[in-house]
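The structure under discussion appears below in the form of structure tokens.
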Amino acid sequence: MITLRNYIDGAFCAPANGRHLDNIEPATGEVYSLIPDSGADDVAAAVAAAKKAYPSWSALTAAERSKHLMRVANRIEERLEELAAAESRDNGKPLKLARSVDIPRARDNFAFYATAILHDWSETHDMGTHGFNYTLRRPIGVAACISPWNLPLYLFSWKIAPALAAGNTVVAKPSEVTPYTAYLLSEILHEVGFPAGVLNIVHGTGPGVGEPLVTHPDVPMISFTGGTATGARINTLAAPSFKKLSLELGGKNPNVIFADCDFEAMLRTTLQSSFANQGQICLCGSRILVERPIYDRFVAEFTARVAALKVGLPSDPETQVGAVVSAPHRDKILNYIALAQQEGGRIECGGHPVDVDGAPNGYFVAPTVITGLPMSCRTNQEEIFGPVVTVMPFDTEEEALALANATKYGLAATLWTSNLQRAHRVAHELEAGIVWINSWLVRDLRTPFGGVKQSGLGREGGFEALRFFTEPKNVFVKL
Ligand code: NAD
């Protein structure tokens, strides 16, 4: 069994306390690797290494930094099959998803920011013969990047790449639930001769590694993706020292379906937006709102297709729904299904664990569709983050908007209609950071990404991330 190691100052190392955590394969329920259960000492060593590397890394030209980042991108591409297999095994997601989405996207994150910094994005403010201002964008120092388990390497690289491209050095903490591809990334850094100390990877828990990292006095900025409660905790910890924060948090996203939509296209995409990655994507549409004239037809046809989804081993090419990430997470999902029934919900399909051949101890949950619940109930207000959706009818556009906006979250929303004016009108009024019209999860890396209300603080993506990881400095020149 392999024991993963931290990557600090260009070297692989065991945690100072010598302790390790089990890493469990969700499809089998078996421990298959050990990960460092690191603590404040390891964080201190990683921050010191990043601080030491900062002057030379930030002094490189953008073109030089770009070359280093492109080497990482290219190596990810060369090791794609191995990384995809590792991601699928570690997380439980179908191998074909890891191969087609997670790992290519991790490669793209590095390549996107490696090339973005080659384009000029500084500003000059002309004051005629009086003088002019120019605005420099300076890197800040050591960035803390903390990521969740649902899209492990995809979200890890989404933060790291812009932080490094902008000239910062990084201490990154992957989720302790899915540490494996972050470890493989440290191997890649080593293979391509990435400068020591520029990117340090420390494994461990939130309290063990996350908190010492976000409170460290030499860490002035934190980019975090994870749950809203954890985001609130980090916000509190960071406030006294005025650290710069970017928080990408939970969601309870509405999928608003009008009767005039392209029904077949909507149905196909709604299967994806409900159950891709076992419903464990912060952007999944977990509250489906359907205009009354097509409500019965939708419930019947959608339920039939959901019931036909193949739940299976992540490695099986036929599998559409893999294992959920852990036993506690499976139990949380099943508890929410029980709660939905107590709240008066009707299970249209699913609602139970699944026994998959050859994996008696795996964490499989049947894709579940629930009807008959009011928007105010807990099932419709709290993030379940699993293969569970609710379906509710509405009669008017106003009612659809009121229902869609009736949670504390505001990450993403999807809407389906063939009426162009309504599409833009509704998109305008939805309380969400991202709206997809007649589509879902079409991601252009140039666009701003993030949520409103309790789904987050700030924006990443495109030049927004480069803005977050730099400070503007205005300089006035008198002529
Ligand atoms: P989580 O909040 O439990 O953990 C996220 C990361 O934070 C992990 O690395 C964890 O170890 C660390 N952490 C935990 N406690 C910490 C603390 N006190 N201080 C510092 N770090 C701490 O989230 P999760 O269960 O890994 O991921 C699921 C959540 O992430 C869901 O709520 C989902 O919606 C959200 N998410 C949001 C986005 C987005 O872009 N908005 C994307 C993916 C996932």
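Indexing begins at 1, ligand by ligand and atom by atom, following the structure's order. Atoms considered below: every heavy atom in the structure, side chains included; atoms not considered: hydrogens, waters and symmetry mates. Count residues from 1 along the sequence.
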For ligand 1, the portion of L283 having any non-hydrogen atom under 4.0 Å away: neither
Give the residue, atom name and distance (to 0.1 Å) of the protein heavy atom nearest atom 7 (O) of ligand 1. F224 CE1, 3.1 Å
In the protein, which heavy atom is nearest to atom 37 (C) of ligand 1, and how far is it? L249 O, 3.1 Å
Subset of ligand 1 atoms that lie under 4.0 Å from at least one heavy atom of E176: 10 (C), 11 (O)
Among all the protein's non-hydrogen atoms, which is closest to atom 6 (C) of ligand 1, and how far away is it? S147 O, 3.5 Å
Hey, is ligand 1 close enough to E211 that some N/O pair sits below 3.5 Å? yes
Return the residue, atom name and 0.1 Å-rounded distance of the protein heavy atom closest to atom 23 (O) of ligand 1. G227 N, 3.4 Å
Heavy-atom distance to atom 5 (C) of ligand 1: which of T228, L411, T225, V214 wins? T225
Looking only at N/O atoms, are C282 and ligand 1 under 3.5 Å apart anywhere? no
Counting from 1, what ligand 1 atoms have a heavy atom of F449 closer than 4.0 Å? 40 (O)
among protein heavy atoms, the one nearest atom 32 (O) of ligand 1 is E383 OE1, 2.6 Å
Could you work out, for atom 30 (O) of ligand 1, the closest of C145, S455, G226, G208 by heavy-atom distance? G226
Got a sec: does the NZ of K310 have more than 12 other heavy atoms crowding it under 6.0 Å? yes
Name the one of D108, N109, D102 that satisfies side-chain hydrogen bond (donor to acceptor under 3.5 Å, both in side chains) with S157? N109
Of the non-hydrogen atoms in C282 and L249, which two are nearest, and what is the gap between them? CB-O, 4.4 Å
Assess whether salt bridge (charged side-chain N to carboxylate O under 4.0 Å, His left out) is satisfied between E382 and K252, documenting all intermediate values. CA-CA 7 Å; E382 298 176 16; K252 189 75 182 175; over 6 Å; no
Over 12 non-hydrogen atoms of neighbours within 6.0 angstrom of NE2 in H119: yes
Compare every heavy atom of S455 with every heavy atom of G251, then report the nearest pair and how far apart it is. CA-OG, 4.0 Å
Can you tell me if S175 has a non-hydrogen atom under 4.0 Å from ligand 1? yes
Gap separating the CD1 atom of I103 from the CG atom of L153, nearest 0.5 angstrom: 5.0 Å
Could you tell me which atoms of ligand 1, counted from 1 in the order shown, lie closer than 4.0 angstrom to a heavy atom of W149? 24 (P), 25 (O), 26 (O), 27 (O)
Neighbour count >12 (heavy atoms, 6.0 Å) for atom CG, D355: no
Looking only at protein heavy atoms, identify the closest one to atom 27 (O) of ligand 1 and say how far it is in Å. P148 CB, 3.3 Å
Counting from 1 in the order shown, the ligand 1 atoms closer than 4.0 Å to a non-hydrogen atom of N150 are 43 (C), 44 (C)
Going by the order shown, which atoms of ligand 1 are within less than 4.0 Å of some heavy atom of G210? 19 (N), 20 (C), 21 (N)
Between the side chain of K93 and the main-chain N/O of L151, is any donor-acceptor distance below 3.5 Å? no
In terms of ring plane angle, is the pair Y183 and F12 parallel, tilted or perpendicular, where the classes change at 30° and 60°? perpendicular
Got the closest protein heavy atom to atom 13 (N) of ligand 1, with its distance? G206 CA, 3.4 Å
Please confirm whether F112 and W158 have ring centers closer than 6.0 angstrom. no
Using heavy atoms and a threshold below 4.0 Å, how should the contact between L213 and ligand 1 be classified: side chain, backbone, both, or neither? neither
Taking 4.0 angstrom as the limit and counting only heavy atoms of T230, give me the atoms of ligand 1 inside it, by number and element. 1 (P), 2 (O), 3 (O), 13 (N), 14 (C), 15 (N), 16 (C), 17 (C), 22 (C)
Inter-residue atom distance R107.CZ - I76.CD1, 0.5 Å rounding: 9.0 Å
Taking atom 33 (C) of ligand 1 as the point of reference, which of F385, W158, Y154 owns the nearest heavy atom? F385
Could you check whether atom NZ of K51 has more than 12 heavy atoms from other residues, nucleotides or ligands sitting under 6.0 Å from it? no
Atoms in ligand 1 flagged as close to P174, the criterion being non-hydrogen separation under 4.0 Å: 9 (O)
Interfacing atoms of ligand 1 (cut-off 4.0 Å, heavy-atom, R233): 18 (N)
Option among N23, T181, T178 that satisfies the side-chain hydrogen bond (donor to acceptor under 3.5 Å, both in side chains) test with D90: N23
